[in-house]
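Working notes, beginning with the structure itself.
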Amino acid sequence: MSSVAQMIETIENQMDAETPADAANPEHLRMVEALLFAASEPLDKKALSTSLPEGADIGGLLKSLEEVYQKRGVNLCCVAGKYQFRTASDLAFLLRKEQPEQKRLSKAAIETLAIIAYHQPVTRAEMEDIRGVAMSKGTIDMLMEIGWIKIRGRKRTPGRPVTYGTTEAFLVQFGLESVAHLPGTDELKAAGFLEAVPPSGFDVPNPTEGLTSDEDPYDPNEPAEPDLLTGSANLDEA
Amino acid sequence: MSSVAQMIETIENQMDAETPADAANPEHLRMVEALLFAASEPLDKKALSTSLPEGADIGGLLKSLEEVYQKRGVNLCCVAGKYQFRTASDLAFLLRKEQPEQKRLSKAAIETLAIIAYHQPVTRAEMEDIRGVAMSKGTIDMLMEIGWIKIRGRKRTPGRPVTYGTTEAFLVQFGLESVAHLPGTDELKAAGFLEAVPPSGFDVPNPTEGLTSDEDPYDPNEPAEPDLLTGSANLDEA
Amino acid sequence: MSEAAFDEFEATAIVADDQALLIQVDGFEGPLDLLLTLARNQKVDIAKISILKLAEQYLEFIESAKKLNLELAADYLVMAAWLAYLKSRLILPQEKIADGEPSADEMATRLRWRLQRLDAMRAAATRLMGRERLDRDVFGRGDPEPVNVVKLRTYKDTLYDLLTAYATERVRKMGGTTYRPVQPLVLQIEEARERLERMLGRISDWSALTRLLPLEWQGEGRRRSAMASTLLACLEMARDGKLQLQQTAPFAEIFVRDAHRATDVPSEA
């Protein structure tokens, strides 16, 4: 018997020996492993639990599995609050594929995507304020088409402009557990750059996926032409 | 640190400690693991070796990997000299989702079923005679597939056509104790299925489950092609 | 992608270093982008940048562009005007400020903050695009094993359906017909009278009897029966004083009217 096989046996013996509270049920672990391996899409805890025996400790199993695979060629990742096996990122060189990328993103599109990601929910006027230029409609349309951003609601301000946010596909693509896990969020927040106005000691907004207090859910049937209305509202104010 | 993490460390320490000849190179192992995981089809040793550093012991690596995954939810399988990860066969049930679907029989199917139920044992020619239309083969096949009818014997007539009857499953579906409990003419009349004065010559047969006097048990090995024989027998008679 | 994005940012900055900058005005994404590039050229932390110097650089840039007859977009000129105003206020001794108007320092701080924010968001964009991306750097299972959906088919057919099918089928084959309520051949006088009484209020003037017949009683025999019964009903009602009848000649059209409204005679009379 090879050394590896011996080790496996050691693991199994230890697992059997341990109290159920301490160790994950090895049969359940095999099941979660099989389900996640087989799936083409990330699975959430609910989806896993419907396939597992009742009472299985999904959270504990996922944690164990994550540890088992931590240093392997394949890792268990949490993306968009769901779980998926992915090849280890340090092996990218081995697997990297030159993708026929959905049109190379322009600098404007990349910036816009970042602004939407970090500032969501964000209106077009707010994006324009940050970038200091008028947005071309094509940029937003393109990001919508790729499926990385979506209209999430309307701001409760005059004109009721629509607000944009990122999608689950965005989180999956960039390997993020949630928008709160965007790189550098804390620094940006600390510097006050995620606020809509210069630092003034007001509340610090987080990028949030749920509706914020000044945001209404988006109703596509709402008659308003948001941009036009925003415009006219501004005129009124002036 | 959890017990699983400790075990992983144990594995790694052991791996590091062993002589290269004995243990697989853990970095190479990670590579093979990632390559096989990400591949869209099984890979052979040659395909693997082009991606791995020169001199990597592909055979040894695959053997080690096979052992590592032997008792896991996913196994490394070799089919026709090519390797791939597959869900452990005992967990195949996890990848099967049963979806209930309620249906109704077609008009032709329920009529055919009713005639088989009342007139069993009945041959196909007899059914056609009763219904006055040629039977489509699909209808009988479908009723056989559902499991409500079966071939029960052969009629002792020229051509020895097979006879059909209903099954246990049929009785269960329609809540009957036996086919003898199918309502007779008077009961059908009383229940309003038949008009007060049925056409002359109308009667409802008394179906039986046992073989009738002109019926032989069905022997699937009997060489006759019943339909053809029936045809030729009829020709002879004519 | 991340590297490419970074390269683009760098490219803009490098261009800004030499005189080619002037020709590359189109390469800037608006005045703020241009200001940020100029600010970077000061080679100090943007937080500590001299807004006065920056304003001067910007105005110089616009001047050179004008000399080269480059067409400048309106927003560059608006920014130039604003910076000229800011510059004058920064240079002049603190004068009194109108109510609610920000001081020159506040305006400078605000501009500095906006440049910092744009810079920070660009850095964040670069970091975001530098992440390991699915299907480019990291990969999911290449050959997923889909979940097989097995349809568990059940049938709703009941004994009732089976017996209905059998009875219908057998009876049809035996040449029988399924039961249909027989349409009565004769309109009962009572029925015709009931009908007329319901219509009474609506017969305003002399109306032809033929127009009072029930519409659904069509066909030779049925129409005759309807006519006969309705006429008999009319006669009964005339006897009771509820209707008046009029016929101008034998076999001519018979006219009916409500007795309670009768004040004149038919025009033919």
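Remember, predicted model here, so these are calculated numbers, not experimental data. Every chain is numbered from 1 and lettered A, B, ... according to where its sequence line falls, protein lines coming before strand lines.
- Atoms CE and CD1, on C:Met121 and A:Ile110 in that order, are 13.0 Å from each other to the nearest 0.5 Å.
- With a 4.5 Å cut-off on non-hydrogen atoms, A:Ala34 does not touch chain C at all.
- Of the atoms belonging to A:Leu188, it is side-chain heavy atoms, and not backbone ones, that fall under 4.5 Å from chain C.
- Residue C:Met129 holds its CE atom at 11.5 Å from CD of A:Glu111, rounded to the nearest 0.5 Å.
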Next item on the list: Quick one: do C:Leu128 and A:Phe170 satisfy side chain to side chain contact (heavy atoms under 4.5 Å, CB included)? Show the steps, please.
Entry: CA-CA 11 Å; C:Leu128 180 66; A:Phe170 166 81; 4.0 Å; yes

Margin query: Checking A:Val74 against C:Arg141 for the side chain to side chain contact (heavy atoms under 4.5 Å, CB included) test, could you report, in this order, the C-alpha distance in whole Å, the side-chain angles of both residues, the deciding distance, and whether it holds?
Written below: CA-CA 10 Å; A:Val74 176; C:Arg141 177 89 181 267; over 6 Å; no

Notebook entry, point to check: Can you check side chain to side chain contact (heavy atoms under 4.5 Å, CB included) on C:Asp135 and A:Gln173, steps first, answer last?
Noted result: CA-CA 8 Å; C:Asp135 294 333; A:Gln173 170 72 205; 5.7 Å; no

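- Residue A:Glu187 touches chain C through its side chain alone, counting heavy-atom pairs closer than 4.5 Å.
- With a 4.5 Å cut-off on side-chain heavy atoms, C:Arg117 and A:Ile130 count as touching.
- By the 6.0 Å contact criterion, NZ on A:Lys46 is open, its count of non-hydrogen atoms from other residues, nucleotides or ligands being 12 or less.
- Among A:Cys77, A:Ser40, A:Ser89, A:Gly132, the residue making the largest number of heavy-atom pairs under 4.5 Å with chain C is A:Ser89.
- Inter-residue side-chain proximity for C:Phe139 and A:Arg86 is flagged as unmet; no heavy-atom pair is nearer than 4.5 Å.
- Two residues are said to be in side-chain contact when any heavy atoms from C-beta on lie closer than 4.5 Å; C:Asp33 and A:Lys107 meet this criterion.
- What you find for A:Ala92 and C:Glu132 is that their closest heavy atoms are CB-OE1, 4.1 Å.
- Residue A:Phe85 touches chain C through its backbone alone, counting heavy-atom pairs closer than 4.5 Å.
- Comparing C:Ala124, C:Pro31, C:Pro146 by how many heavy-atom pairs each has under 4.5 Å with chain A, the most go to C:Ala124.
- Taking CZ from A:Phe193 and CG from C:Leu118, the interatomic distance works out to 10.0 Å, rounded to the nearest 0.5 Å.
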